[in-house]
Protein chains: 2
Amino acid sequence: MVDDEPDILEFLRYNLIKEGYNVLTAGNGEEGLKIAMAELPNLIILDIMMPKMDGVEVCRQLRNKPEFDRTVITFLTAREEDYSQIAALDVGGDDYITKPIRPRVFLSRVKALLRRSERAEVIEEPDVIEVSGLIIDKERVTVTKDEEVIELAKKEFELLHLLVSKPGKVFSREEIFNKVWGTDVIVGNRTIDVHIRKLREKIGEHYIKTIKGIGYKFEF
Amino acid sequence: MVDDEPDILEFLRYNLIKEGYNVLTAGNGEEGLKIAMAELPNLIILDIMMPKMDGVEVCRQLRNKPEFDRTVITFLTAREEDYSQIAALDVGGDDYITKPIRPRVFLSRVKALLRRSERAEVIEEPDVIEVSGLIIDKERVTVTKDEEVIELAKKEFELLHLLVSKPGKVFSREEIFNKVWGTDVIVGNRTIDVHIRKLREKIGEHYIKTIKGIGYKFEF
DNA sequence: CCGATGAGTTAACATATTCTTAATGTCGCG
DNA sequence: CGCGACATTAAGAATATGTTAACTCATCGG
């Protein structure tokens, strides 16, 4: 929770702790950013009006980091500032809470926001995927087949992982380039084939199917 | 969007449609429930104060259904009703918007809520079309008939997909050329026939009907 | 600092499937 | 009977992909 007014900070902190929440506070934007990055909280509450770096800016910077892509961020704002409300949401905030703050409403809101964050977390993909006898372990970057561990190179693994992320779906070459190589890299068009070749060599021929003129898909 | 005041409903509907959203409205809780179940919207906006079934009750009922487990639900509420706000969030609502409503803030809020729902909707629905026993899956580029998966070549699939996109409609040869081959390619006029032939061979003879002098159509 | 190693890429050529064409056959209708 | 419109077939052209080997580049242990 980031706010430049110590009274408000203390007041809300007290209420949250009473409800059993773990609360970290910061008195300004920079400090807030630092603590957020170090602690990766489940919910971030930002005051909009702050000297130097305001809440909107903190939010913008956080949203640029992949680790905060899904963190729930909410703002505190004086009631009538339409503009900051809009900016807050446009910059990737999930909600805003208007001052003056009433403890019970505030707590309900926090509860709702955290429930949402939980829900979002359930969707999170697991690090291990299992399809048709292959166990793909994202953390170890390995594939296990018939009890045997197959080591894949990074690109090979990323390619396989993409295909396996939606078994049966046909991924076009363009799609594969964008997701595995990124939009800014340009590589020749035989490159994918070669990687497909090596993959098939390692995991077996029949898993990856070519759909001529369209792309590749993982078959189960 | 469910509200018992036609004026508000119309006002918000107008604003949402102007932004390109697809809006369904209902004047009371029951109707809202019915429409929600039939249409499975991405976002549900409920007025809290309504005669008979209020918004909180609608929300509670929706949240009990698995298909609405992750749908984003928000409430409309008069400013000072602390209690309903708390109830709204406790019953599984994701947010509430206070009246009086300001269009720009409202739209920003809706935008933020829908963005969230997108984030959650990684489990997106596949685009499959089902007609007379054929299941055409665009993502997988396959056709399934009697549990059997039929593989089509690219052009064959595109041709079938076009015909199936409007079952019963007669597509002229010219139309087929334009949509499947594109306006810049020139191919002989027996080409379509050949592809139709192969399609019929693969999916069965009776699905595609020739309308002499006009074109082809998909029969259901 | 050096050579070994291996991932990633490229180029050249081989292969395979899809697409198109062209020749010929069928059908219905005036 | 002859014509127009579509059907059928097989063969060749057009493309897309497969395959191999060589090259570049970064990394790592000695």
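In what follows, chains are A, B, ... by sequence order, proteins preceding strands, each numbered from 1.
The nearest whole Å value for the distance from the CG atom in B/D193 to the C1' atom in C/dA23 is 14 Å. Spacing between atom OH of B/Y216 and atom C1' of D/dA5 amounts to 9 Å, rounded to whole angstrom units. Between B/R197 atom CZ and C/dT26 atom P the separation is 14 Å, expressed in whole Å. Between A/I196 atom CD1 and C/dG8 atom P the separation is 14 Å, expressed in whole Å. Spacing between atom CD of B/E205 and atom P of D/dC6 amounts to 17 Å, rounded to whole angstrom units. B/I192 places its CD1 atom 15 Å from the P atom of D/dA5, with the value rounded to the nearest Å. In this structure, A/N189 places its CG atom 12 Å from C1' of C/dT9, rounding to the nearest Å. Taking atom NZ of residue A/K209 and atom C1' of nucleotide D/dA16, one finds them 16 Å apart after rounding to whole Å.
Residue A/T210 has no polar side-chain atom (N or O) positioned under 4.0 Å from OP1 or OP2 of D/dA16. For D/dA7, the OP1/OP2 oxygens have a side-chain nitrogen or oxygen of B/R200 closer than 4.0 Å.
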Please output the side-chain donor-acceptor pairs of residues 17-35 of chain A that fall under 3.5 Å, not counting sequence neighbours, one pair per line with the distance.
| residue | atom | partner | partner atom | Å |
| --- | --- | --- | --- | --- |
| A/N28 | OD1 | A/E30 | N | 3.2 |
| A/N28 | OD1 | A/E31 | N | 2.9 |
| A/E31 | OE1 | A/G27 | N | 3.2 |

Using residues 43-57 of chain A as the side-chain source, report each donor-acceptor pair under 3.5 Å to any protein atom, sequence neighbours left out, with the distance given to one decimal.
| residue | atom | partner | partner atom | Å |
| --- | --- | --- | --- | --- |
| A/D47 | OD1 | A/K99 | NZ | 3.1 |
| A/D54 | OD1 | A/V56 | N | 3.3 |
| A/D54 | OD1 | A/E57 | N | 2.9 |
| A/E57 | OE1 | A/R60 | NE | 3.2 |
| A/E57 | OE2 | A/Q61 | NE2 | 3.2 |

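For the pair A/R173 and A/E201, nearest-nucleotide mapping onto DNA chain D gives the more 5' position to A/R173.
Around atom CD of A/E201, more than 12 heavy atoms belonging to other residues, nucleotides or ligands sit under 6.0 Å away. Atom CD of B/E148 has 12 or fewer heavy atoms from other residues, nucleotides or ligands within 6.0 Å.
Here A/E10 pairs with A/R13 in a salt bridge; the nearest charged N to carboxylate O distance falls below 4.0 Å. Between B/D193 and B/R173, at least one side-chain nitrogen of the basic residue sits less than 4.0 Å from a carboxylate oxygen of the acidic one, meeting the salt-bridge criterion.
Under the rule for a side-chain hydrogen bond (donor to acceptor under 3.5 Å, both in side chains), B/K179 has no partner lying at least two apart in sequence or in another chain. By the side-chain hydrogen bond (donor to acceptor under 3.5 Å, both in side chains) test, A/K209 is found to be paired with B/E151, residues two or more places apart in sequence or in another chain being considered.
Within the 4.5 Å cutoff, the side chain of A/I186 has no heavy atoms near those of the A/W181 side chain.
Of the residues in residues 157-172 of chain B, none has a non-hydrogen atom less than 4.0 angstrom from any atom of DNA chain D.
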Name the pairs: protein N/O against N/O of nucleotides 16-20 of chain C, kept only if under 3.5 Å.
| residue | atom | partner | partner atom | Å |
| --- | --- | --- | --- | --- |
| C/dA16 | N3 | A/K212 | NZ | 3.2 |
| C/dC19 | OP1 | B/K155 | N | 3.0 |
| C/dT20 | OP1 | B/W181 | NE1 | 2.9 |
| C/dT20 | OP2 | B/W181 | NE1 | 3.0 |

